[in-house]
2 protein chains.
Amino acid sequence: MDSEPPWLDDEEQQVWLQLSLLLTRLPTALERQLQRDAGLSLYEYLLLSGLSMTPTRRLRLRDLAEFTGTSLSRLSNVIRKLEGHGWVIREPDPQDGRSTFAVLTEAGYAKVVASAPGHVREVRKLVFDPLSTAQLRRFGSTIRRVLDVIDPHGCDPEALLRAEDIEQVSSR
Amino acid sequence: MDSEPPWLDDEEQQVWLQLSLLLTRLPTALERQLQRDAGLSLYEYLLLSGLSMTPTRRLRLRDLAEFTGTSLSRLSNVIRKLEGHGWVIREPDPQDGRSTFAVLTEAGYAKVVASAPGHVREVRKLVFDPLSTAQLRRFGSTIRRVLDVIDPHGCDPEALLRAEDIEQVSSR
DNA sequence: GAGCATTACTTCAATCTTCAAGTAAAGATC
DNA sequence: GATCTTTACTTGAAGATTGAAGTAATGCTC
């Protein structure tokens, strides 16, 4: 096997430092805005907006956990909290007795609609405004390359959001 | 001021999705490796390795909080845990009765030395190997641009690590 | 169709994080 | 030099997260 250098060179170290900072500072900044203006955590926002992007505004908990990138256990707790606010309800999956849908209520949809603009404004301010179009494009493909290594099956969240509507028969 | 579009265009949305994934998946992957191979959280590793990079292997808690990007409160708790392992001790700052040094012990230093190669290998595998040199350079400067907006004073952590030994002798 | 493995979810306990006080030392201002 | 503010840190309670069971439905294999 190739023996790789045991430490990063100067340039790598520079980039690694920048990336580490981004990894901690950006979520914190987004979280702050959402918490202040909408009383939502970044995770909660991601969850609600994920549901809202879906044709029937529902997702199996398993898929939602995948989409938000966390454990079912955490998701289960957060859903309970969101149910308390009346933003989400659980519905059994008629096709599979094991799985449960998280369904966005009207109130939940309204919450997303109300919170999205502020969040988008922040994302735009912090990420898109400072970058040129070309820079943006390269940034995206660089990140994609890293993600391919972390998660080679590239469990495309977009696909998740689109693929779940086939089996709708009833409800509402 | 320009009124900005209320939502992201397709390309922006793509990039944003990639970035969101990176923000959650990369720390998780690094955390997993460290937890498995060294029994450390990413935060603990960052903290210990920050101390180890310092000329005297010590940093004021305030500076360490800044460096690791979190609250003093969290830091205080983590330091207590690390003290329990014998990796760190607290020492009062003779220059300023309010502040405390976190000092890396020999055992703590040994812990960093033992854990670093595995962590570096993971970082290299996930971030540097997939990128060309040119890509890397652009990636770094793109990130820097974003960070400049989030944190304009650009409180350079490198400076922190270097700057703390001057005042062993004098005050301000 | 019986038995075994897997999947989807929930819950509990342990740990971790945050937030809001609280303490105590410095520094600033008059 | 008395008072006011700021800075550095700690602590305790509340809330969040993880990890290990536990339950229940499903799928797989013989």
Side-chain angles (χ1 to χ4, degrees), chain A residues 24-25 27-32 34-36 39-47 58-85 88-103 155 160 164 167, chain B residues 24-25 27-36 39-47 58-85 88-103 155 160 164 167 170-172:
Chain A
T24 61
R25 263 59 164 186
T28 305
L30 295 173
E31 183 100 33
R32 189 165 37 234
L34 276 169
Q35 202 60 255
R36 172 170 41 90
L40 291 174
S41 72
L42 187 52
Y43 183 78
E44 289 166 341
Y45 177 82
L46 185 64
L47 192 166
R58 77 190 54 209
L59 235 27
R60 285 184 215 85
L61 294 196
R62 191 67 203 68
D63 294 335
L64 196 49
E66 170 93 21
F67 174 72
T68 56
T70 60
S71 67
L72 225 24
S73 161
R74 178 183 183 187
L75 178 63
S76 185
N77 290 320
V78 175
I79 293 282
R80 177 162 7 95
K81 185 182 163 192
L82 295 177
E83 277 184 316
H85 287 284
V88 170
I89 55 171
R90 284 180 225 237
E91 267 184 29
D93 180 352
Q95 323 278 287
D96 184 337
R98 292 167 302 178
S99 66
T100 309
F101 281 108
V103 187
C155 51
L160 267 182
E164 57 64 60
E167 57 220 279
Chain B
T24 61
R25 264 57 163 187
T28 306
L30 295 173
E31 183 100 34
R32 189 163 39 233
Q33 182 277 319
L34 276 169
Q35 202 60 255
R36 173 170 42 87
L40 291 174
S41 72
L42 186 53
Y43 183 79
E44 290 165 340
Y45 177 82
L46 184 64
L47 192 167
R58 77 190 53 210
L59 235 28
R60 282 184 218 84
L61 295 196
R62 193 65 203 70
D63 294 334
L64 196 48
E66 170 92 21
F67 174 71
T68 57
T70 60
S71 67
L72 225 24
S73 161
R74 179 183 182 187
L75 178 63
S76 185
N77 289 321
V78 175
I79 292 281
R80 175 160 12 93
K81 185 183 163 192
L82 296 178
E83 276 185 316
H85 286 283
V88 170
I89 56 172
R90 283 180 226 236
E91 266 183 28
D93 181 353
Q95 324 277 280
D96 184 337
R98 291 168 302 178
S99 65
T100 307
F101 281 108
V103 186
C155 51
L160 267 182
E164 57 66 56
E167 57 216 287
S170 68
S171 47
R172 58 212 126 232

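Order of the sequence lines sets the chain letters (A, B, ...), proteins ahead of strands, with each chain counted from 1. What you see is a predicted model; the values in this text were computed from it and never measured.
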Can you sort out the partners of B:Y43 under ring pair (Phe, Tyr, Trp, His ring centres under 6.0 Å), two or more places apart, ordered by chain and number?
none
Suppose we screen for side chain to side chain donor-acceptor pair (under 3.5 Å). Which residues come up paired with B:S99, at least two apart in sequence or across chains?
B:D93
Please name all residues satisfying salt bridge (Lys or Arg N to Asp or Glu O under 4.0 Å) with A:R32, sequence neighbours left out, ordered by chain then number.
none
Compare all side-chain heavy atoms of B:L64 with those of B:I79 and state whether any distance is below 4.5 angstrom.
yes
Output all residues satisfying side-chain contact (heavy atoms from CB on, under 4.5 Å) with B:L46, sequence neighbours left out; order by chain, then residue number.
B:F67, B:T68
What pairs with B:P27 under side-chain contact (heavy atoms from CB on, under 4.5 Å), at least two apart in sequence or on another chain?
A:L23, B:L42
Taken in chain and number order and not counting sequence neighbours, the residues that satisfy side-chain contact (heavy atoms from CB on, under 4.5 Å) with A:R80 are A:N77, A:R90
To the nearest 10 degrees, what angle separates the axes at the start and end of the helix from C:dG1-D:dC30 to C:dC30-D:dG1, five pairs each?
30°
How close do A:P94 and A:F101 get, counting heavy atoms only, and between which atoms?
CD-CE1, 4.4 Å
Boundaries of the chain A footprint along DNA chain D (any atom under 4.0 Å from a heavy atom)
D:dA16 to D:dT26
With sequence neighbours excluded, tell me which residues meet side-chain contact (heavy atoms from CB on, under 4.5 Å) with B:L72.
B:L61, B:R62, B:A65, B:L75
Could you encode protein contacts along nucleotides 8-18 of chain C as a string, one character per nucleotide from 5' to 3', using B for base contact, S for sugar-phosphate-only contact and - for no contact, with a heavy-atom cut-off of under 4.0 Å?
SBBB----SBB
Give me the one residue out of B:V78, B:L59, B:T70 that meets side chain to side chain contact (heavy atoms under 4.5 Å, CB included) with B:L47.
B:V78
